[in-house]
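One structure is given here, and the rest of the page talks about it.
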Number of protein chains: 2
Amino acid sequence: MDGSDVNIIRHFEKYCELDDDDRTLLTELERHPMTLTAGELLWEEHQAIDAFCLLRKGWAYSYRSMNDGTRQVLDVYLPGDVIGLREFSFQRRLSSVAMLTEASLGRFNHRYLIGLFGSSHRATALFFSMLAGQQALLTERLVNIGRRNAREKLAHFICEMYMRLKRVYPELPQHFHMPLSQQMLADILGLSSVHVSRTFSELREAGLVYRDRNRIEIPDPEALIEATQFSDHYLRERVADHLFESGKPWPETAVAAKGSPVGQGRAADPE
Amino acid sequence: MDGSDVNIIRHFEKYCELDDDDRTLLTELERHPMTLTAGELLWEEHQAIDAFCLLRKGWAYSYRSMNDGTRQVLDVYLPGDVIGLREFSFQRRLSSVAMLTEASLGRFNHRYLIGLFGSSHRATALFFSMLAGQQALLTERLVNIGRRNAREKLAHFICEMYMRLKRVYPELPQHFHMPLSQQMLADILGLSSVHVSRTFSELREAGLVYRDRNRIEIPDPEALIEATQFSDHYLRERVADHLFESGKPWPETAVAAKGSPVGQGRAADPE
DNA sequence: CGGACACTTGATGACACTCAACTAGTGTGG
DNA sequence: CCACACTAGTTGAGTGTCATCAAGTGTCCG
């Protein structure tokens, strides 16, 4: 289950190879963890920015509150995720962050991050990669909210969580704990909580997803993936190691490729 | 008008201060531009990734195609924007990119970017900042699509474009050229083109936005901003210069702040 | 002049929202 | 141990926003 601790450094190495110096630099992130309880706020929209956080244990989420009292959840964070990276270049928080469970967090600030830029290409690439990965999650959620119906939205989201959890906990069985109320799911998916309830009933009747309180069971993952047309492309970020070998960079060697689209002619491999 | 060229380096300096070496490094990006015509594809989803692009002139957009033939637009790029950064750590394109107008692009690859990580903290921070800024745009669009009705969606989007254009072209008057068909707007906002048409009529009747083909006029920007509750927080990214001075980084000096949320007590200034 | 394309307008219906009543589980206090 | 409150979720009825389909207008362009 997800009570077991995640080895953060080992988790990072899924994104980008690291050497011993990198690892030493990054263990700093875990030196002075703080603990928050479920429901507690990490920070709120509009506050001055003074830190980023590495989520070591537990679940968290970020959200924007609307004037009419509704809200939109932007991210759900799992152990190993870095919170607040997106606000790197802003003066004030763009979203609030709160805990979904008891959680342990390591803090670090801009100077640490910029110091990292100076100390290690690989660590820099790692953070760049994590930011890119979060962005990929966001674009997928955008598609989900903009272009799918309630059933597809919910099924797709559950698929995504399943896949993300599997990445963090490779041994994850076909049932798992997902500490998200139906109201929270509604805030994530741009639905009403009532409709989330109905949609769960639909998925249960279709035999795709069973739910009991916060326990989710996916009897047949393949079937769910098929039903939602889920593709995990956007969850497979990894910085190829050979990129760090010194090689010929563009644009120095670029041939002016006037009029011919980049990559045109290189057809996508059949998956 | 937006026919006039944007000085890219000067544009970058709005995001992060640069020294002469940084500027020299970055001018490389413009050395071998390529030109694409309106409608032309830069790349397609699932293709192998071999480059990023700096948009020097013109407009572009990225999108995801759905199985049912609809699509979701993810970004609209303006001169000075970097395209494809989000795919930094992926093997294949997550979205297709096409031109909205004739456009000029500078290409660069991973090695150039990673080389930059080694050459300049400031340039690294600049790219980090651009990635963060694009993510902020995405989160705002997520809120827009998830939690607002058609009228608010359209008005908010027009506000956003107006503000973004003003950042690139400070002299922008209250009317401007926006090369987006109603179908395209529908694909951006998660609506149907028919409903976009109706919504434009509504905005016209409310006296908020007048439209003639691709020309948009905002007679009273203040009124529109007020009506949409628009806030430009998320467009104001900038890396503070003092962060580059050597100072005490966390987490080395972090005091374990057990149980007390980061930033708690620092109330947001009244805006 | 004809055809393509972008947009407009009307009619109809589906999907999801709101409101409201109800159930089940959980915690609290007497 | 039971009464009560509180929360999360379920279900039904009525409503509304927006999608879809279809017909029609205007403009551009050869």
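Order of the sequence lines sets the chain letters (A, B, ...), proteins ahead of strands, with each chain counted from 1.
- A salt bridge is absent between A:Glu87 and A:Arg92: the closest approach of a Lys/Arg side-chain nitrogen to an acidic carboxylate oxygen does not fall below 4.0 angstrom.
- Within the 4.0 Å cut-off from OP1 or OP2 of C:dT8, at least one side-chain nitrogen or oxygen of B:Gln182 is found.
- Among the nucleotides D:dA19, D:dG9, C:dA16, the one closest to the side chain of A:Ser197 is D:dG9.
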Working for salt bridge (Lys or Arg N to Asp or Glu O under 4.0 Å), residues A:Arg167 and A:Glu237: CA-CA 11 Å; A:Arg167 188 165 183 183; A:Glu237 74 260 38; 3.3 Å; yes
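- The interatomic distance linking B:Met184 (CE) with C:dA6 (P) rounds to 10 Å, in whole Å.
- In this structure, B:Val196 reaches neither bases nor backbone, as no heavy-atom distance under 4.0 Å exists between it and the strands shown.
- Rounded to whole Å, atom C1' of D:dT17 lies 10 Å from atom NZ of B:Lys153.
- Between the CZ atom of B:Arg147 and the C1' atom of D:dC18 there is a distance of 16 Å, rounded to whole Å.
- Taking atom CG of residue A:Asn214 and atom P of nucleotide C:dG25, one finds them 15 Å apart after rounding to whole Å.
- If you find the closest nucleotide of DNA chain D to B:Val194 and to A:Ser201, the one lying nearer the 5' end belongs to A:Ser201.
- In this structure, CG of B:Leu154 is placed 12 Å from P of C:dC7, rounded to the nearest angstrom.
- Atoms CZ (B:Arg215) and C1' (C:dA6) sit 19 Å apart, rounded to a whole Å.
- A donor-acceptor pair under 3.5 Å is absent between the side-chain atoms of A:Ser62 and the main chain of A:Ser95, judged by distance alone.
- Between the side chain of A:Arg198 and the base of D:dG9, no donor-acceptor pair under 3.5 Å is found.
- Going from atom CD of A:Gln183 over to atom P of D:dC6 covers 19 Å, rounded to whole Å.
- Between the side chains of A:Tyr234 and A:Glu160, at least one donor N or O lies within less than 3.5 Å of an accepting N or O.
- Using a 3.5 Å distance cut-off with no hydrogens or angles, the side chains of A:Glu202 and A:Thr199 do not pair a donor with an acceptor.
- Nearer the 5' end of DNA chain D, as judged by each residue's closest nucleotide, is the contact made by A:Arg211, out of B:Ser193 and A:Arg211.
- Rounded to whole Å, atom C1' of D:dC21 lies 16 Å from atom NE2 of B:His195.
- Within the 4.0 angstrom heavy-atom criterion, only backbone atoms of the sugar-phosphate kind lie near B:Ser181; the bases stay farther away.
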